[in-house]
Amino acid sequence: MRMGFFKRYGYAWLTLAFFAVSMVLHLHFGWLAFQDTATDHGQTPEYSAFLTEWARDVFENWQSEFLQLLWQVVGLAYFLYIGSPSSKENDDRMEAKIDALIRITGGKEGGRLIEQLDELYARTHGNSDPFAHSDELARKAGENVPHVAARATS
């Protein structure tokens, strides 16, 4: 594998390493505590009984803390990434204003520049759809730009 893969996903690898080390340490120190408790009660510590108790503790903590945090951080980041309506309210408005300014100041070249930017940054590929009134803005700027849907199919 290339080093770029590890560098690109460095945060995930570091998180996985922290997780693995913490699980191993939890297992080790849990076993020591289980041994102490068993000998205090005059019993022989059995690894199978310990694993059952350890798994219960792990999943109890996992459910109450990790899944909540996972949902809050990863879930919110995911919805922001895919562009949920609440995450792109201001983005659409800002893009429309910038497009209007490019058309007004760029003249006939403005429409071509917007098309290039849309293609380069995948705006018409599902991330963010331009506003339907882009033709009206183009006419105000003095150029005849086909509707966005026609542009996407050509």
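- In this structure, OG1 on T52 lies 10.0 Å from CD on E46, to the nearest 0.5 angstrom.
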Please tabulate, for the side chains in residues 16-27, all donor-acceptor contacts under 3.5 angstrom to protein atoms that are two or more places apart in sequence or on a different chain.
from	atom 1	to	atom 2	distance (Å)
S22	OG	F18	O	3.1
S22	OG	F19	O	2.8
H26	NE2	W54	NE1	3.4

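- Salt-bridge check for E109 with R112: passed, with a basic side-chain N closer than 4.0 Å to an acidic carboxylate O.
- To the nearest 0.5 Å, the span separating OG1 on T15 from OH on Y9 amounts to 14.0 Å.
- Using a 4.5 Å cut-off between side-chain heavy atoms of Ile, Leu, Val, Met, Phe, Trp and Tyr, with links allowed through other members, V58 and L32 fall into different hydrophobic clusters.
- The shortest non-hydrogen separation linking I114 to D99 is CD1-O, 3.4 Å.
- The local environment of CD in E53 is crowded, with over 12 non-hydrogen atoms from other residues, nucleotides or ligands closer than 6.0 Å.
- Residues I102 and G110 come closest through the heavy atom pair CG2-O, 3.6 Å.
- In this structure, F34 and F50 have tilted ring planes: the angle between them lies in the 30° to 60° band.
- Both W62 and V74 are members of a single hydrophobic cluster when ILVMFWY side chains are connected at heavy-atom separations under 4.5 Å.
- Looking at heavy atoms from C-beta onward, Q43 lies out of side-chain contact with T39 at the 4.5 angstrom threshold.
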